[in-house]
Amino acid sequence: MMPSSAWTSLLLSPYYKLEYWIRSRQGYAPISSPTHPEPSPPPTPLTPRPVSMAKEVNEYKGKRPLRSYFWDTWDKPPEERKFLAKLDASRVADSVCLSTYLDQQNVTNAYVSGMKEDLGLHGNQLNYITTAWTCGYVIGQIPSNMLVTRIRPSIWIPLMELIWSALTMVLASAKNFNTLIAVRFFVGLAESTFYPAIQYVIGSWYKGDELAKRSCIFHTASSIGPMVSGFLQAGAYNGLHGKGGLAGWRWLFVIDGIITIPIALLGFWIMPDLPTTTKPSVFYTQKQLDIAVRRMEEIGRKPPAQFTKKKILGFFTTWHIWVMVPMYVLFNNGSGPSSNSSMTFWLQSFNTPGHTVYTVGQINTYPFGIYVVAIVMTLIYAWTSDAINMRWPPIVFAGIWNMANSIVLAATPLYSNVTRRWIFYYMSGCMSGLSGLILAWTNELTGYDNEKRSFVVACCNTFAYVIQAWLPIVLFPQIEQPRVFRGNVANAVIDLALVGVAFTGMFLQRRDQRRAEKLRALEQSSIASNEDLDPSEPRKSDDIYKAGNAVTVSVSEPVLLQVL
């Protein structure tokens with residue numbers, strides 16, 4: 001028994017709150033209740049149910065059937081399988097992101113297809129145009145993702161789609177550099193709603209063995225968009241150049257805007273909201289929505305709750321934001337040549353005045369292999385991660401691969417071995433598939449607090465683009481393309497840092513799991529000891545002591561010190 005002088009420090013610690021909360025959830029009644037009972041604390045990563053978010057409980061109790069590795073719904077109960085089939089079909093509406101990534105890539109395609117000459121662009125102005133879009137994208141993401149916890153995603157997201165489609169078509173009328181800068185800023189502001197919001201919504205519906213596949217399939221559009229953009233630009237330049245008095249590069253902006261509009265309109269009708277806010281409709285019955293709510297309750301992923309000062313401060317008091325955000329920043333800025341159009345500039349560099357080696361169409365379409373590699377690796381990472389129920393191994397693998405790839409590109413001459421350089425440009429797409437994986441991991445780790453989950457997911461993408469707004473100008477300046485030796489070396493260092501942060505996340509996740517196991521063991525030990533007592537006698541684990549306005553539950557000092 002601890003001396004009375006030691007109780008004050010214990011009462012002020014968070015542990016007594018946690019133990020009191022555990023007992024109240026078990027249905028134990030205190031012997032004497034205080035006049036002003038201490039409210040139950042909000043769930044934290046160390047409470048029994050939410051801690052499963054650190055590594056969500058696998059529903060397969062015995063040997064997992066082989067077919068579930070190919071597609072996770074094949075071994076679920078019929079009603080749940082039918083519901084997930086509908087939900088997966090509705091995710092097709094999220095293919096609207098295809099138009100998003102079309103728009104992100106089309107400025108580079110337009111630049112090398114006549115926009116530079118028509119508007120008299122020079123120096124690093126393409127970098128500045130890209131940076132203007134990035135600034136708008138950065139400013140809007142966190143406010144948008146906070147709003148999407150309160151405004152129906154099926155209204156907010158498609159509305160922003162319509163706005164940026166209109167602005168994209170406005171780019172076709174640009175007459176100078178200043179117009180491009182201004183319009184691209186507002187395009188980025190409208191687009192900022194999309195990617196983090198969709199990742200947040202996906203994380204609101206799927207379990208741990210399902211989440212990486214859905215997040216990464218959605219992310220494949222980031223590779224499909226640029227790949228399609230090259231072919232569209234080639235088609236626009238060859239088939240529409242001069243039509244209606246518009247150059248081929250202007251037609252690309254018009255086409256991109258037109259593609260977006262019908263998909264955005266479809267989103268108003270088919271895009272789901274959250275399990276707790278979606279209404280029964282032709283797509284989902286009430287029974288299916290009840291299944292969705294139950295599934296999220298089983299893994300401790302919480303629905304929206306009120307914003308409070310304590311909740312907002314809680315966003316910054318756990319390790320998740322300090323590890324997952326840097327991890328995403330390093331990934332997003334560690335893709336090197338694949339994200340900085342080095343291959344496009346390399347192909348263009350073969351052409352000299354009066355001597356054309358690669359046509360405009362070839363320059364726009366040959367880099368498509370980078371995106372094919374990105375798509376294939378994205379899906380491999382997703383299936384592997386869900387199968388082994390771990391997120392960090394594919395991240396470490398991709399980081400090491402791309403680090404070696406960047407070193408090779410930095411060390412080899414530009415033109416002495418064209419085939420080898422071509423292959424390593426293609427292999428630089430191996431990093432692109434990590435976005436969905438990192439955000440799936442973030443959704444799982446922070447699922448015990450809906451608002452925190454939305455905030456951290458948005459912060460990942462926001463701060464990644466904060467760095468991207470200026471880092472490519474420093475490491476991959478347009479005037480140093482396609483050699484960019486300094487950029488490739490720096491990219492290898494970034495990839496090495498990514499590997500280190502991924503291992504840090506793994507360590508902290510496992511640490512939380514060990515702590516949770518100790519708390520569960522303590523709980524089971526307390527239950528067992530209480531069962532040995534005479535039912536008519538008070539249970540020691542339920543004794544409540546008063547000290548001022550505080551309330552605590554007695555716990556043996558050695559056990560307490562062992563857990564803490």
Side-chain angles (χ1 to χ4, degrees), residues 59 65 67-102 148 152-162 193-225 228 259-296 298-299 301 375 378-379 382-383 385-387 433 435-437 439-440 443:
E59 64 182 281
R67 62 180 178 272
S68 69
Y69 288 100
F70 292 100
W71 193 247
D72 44 67
T73 65
W74 289 353
D75 198 53
K76 288 182 167 59
E79 282 296 326
E80 186 173 358
R81 185 165 61 248
K82 182 179 179 181
F83 158 70
L84 287 173
K86 286 185 178 182
L87 185 62
D88 290 337
S90 71
R91 294 267 68 86
V92 174
D94 299 338
S95 296
V96 66
C97 63
L98 172 64
S99 59
T100 302
Y101 289 102
L102 278 173
V148 86
R152 291 173 56 192
S154 61
I155 294 177
W156 179 250
I157 297 172
L159 177 62
M160 293 298 104
E161 298 260 350
L162 291 177
T193 64
F194 191 75
Y195 190 75
I198 290 295
Q199 288 288 0
Y200 160 75
V201 172
I202 291 175
S204 301
W205 290 88
Y206 291 102
K207 290 185 173 183
D209 63 320
E210 307 158 350
L211 187 54
K213 287 190 284 292
R214 274 70 175 190
S215 295
C216 289
I217 288 172
F218 164 71
H219 179 71
T220 54
S222 66
S223 299
I224 295 173
V228 173
I259 289 175
T260 306
I261 293 174
I263 303 177
L265 293 175
L266 179 64
F268 284 112
W269 182 49
I270 198 173
M271 185 176 291
D273 296 314
L274 306 181
T276 54
T277 59
T278 301
K279 304 297 182 184
S281 66
V282 66
F283 296 107
Y284 305 106
T285 64
Q286 184 60 55
K287 184 177 180 180
Q288 289 171 335
L289 294 175
D290 291 341
I291 291 175
V293 173
R294 173 183 56 78
R295 280 163 43 86
M296 293 299 98
E298 288 173 352
I299 59 174
R301 203 167 295 166
I375 292 169
T378 298
L379 300 180
W383 260 257
S385 178
D386 277 351
S435 175
L437 205 61
L439 294 181
N443 270 307

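All figures in this text were calculated on a predicted structure; none of them were measured in a lab.
In this structure, the side chain to side chain contact (heavy atoms under 4.5 Å, CB included) partners of I261, at least two apart in sequence or on a different chain, are L162, S165, M169, L265. Listed by chain and number, the residues in a side-chain hydrogen bond (donor to acceptor under 3.5 Å, both in side chains) with W156 are S144 (sequence neighbours excluded). Under the ring pair (Phe, Tyr, Trp, His ring centres under 6.0 Å) criterion, F283 pairs with W269, sequence neighbours left out. For P262, there are no side chain to side chain contact (heavy atoms under 4.5 Å, CB included) partners at least two apart in sequence or on another chain.
Q288 places a side-chain N or O within 3.5 Å of a backbone atom of T285 that can act as its donor or acceptor partner. With hydrogens and angles disregarded, a donor-acceptor distance shorter than 3.5 Å links the side chain of R81 to the backbone of K76.
A heavy-atom distance below 4.5 Å is not found between the side chains of S215 and L439. Side chains of T278 and W205 form a contact here, defined as non-hydrogen atoms less than 4.5 Å apart. Between V148 and T193 the shortest side-chain heavy-atom distance does not fall below 4.5 Å. Contact of the Y206 side chain with the D72 side chain is not registered, since no non-hydrogen atoms from C-beta on lie closer than 4.5 Å. Side-chain atoms of L274 and Y200, non-hydrogen and from C-beta on, do get closer than 4.5 Å to each other.
Between the OG atom in S204 and the CZ atom in R301 there is a gap of 7.5 Å [rounded to 0.5 Å]. Separating the CD atom in Q199 from the CG atom in N443 is a distance of 7.0 Å, to the nearest 0.5 Å. For the atom pair NZ of K82 and CD1 of I291, the computed distance is 10.0 Å after rounding to the nearest 0.5 Å.
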**OP:** Report the C-alpha separation of L84 and R295 in whole Å, then their side-chain angles, then the decisive distance to 0.1 Å, and conclude whether the side-chain contact (heavy atoms from CB on, under 4.5 Å) test is met.
**Re:** CA-CA 11 Å; L84 287 173; R295 280 163 43 86; 3.5 Å; yes

**OP:** Test side-chain contact (heavy atoms from CB on, under 4.5 Å) on M160 and F194 and set out the steps.
**Re:** CA-CA 8 Å; M160 293 298 104; F194 191 75; over 6 Å; no

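A perpendicular orientation is assigned to the rings of H219 and Y195, their planes being inclined by more than 60° (bins at 30° and 60°).
Applying the salt bridge (Lys or Arg N to Asp or Glu O under 4.0 Å) test to pairs two or more places apart or on separate chains, none has a residue in residues 194-204. Sorted by first and then second residue, the salt bridge (Lys or Arg N to Asp or Glu O under 4.0 Å) pairs involving residues 267-294 (not counting sequence neighbours) are R152-D273, R294-E298.
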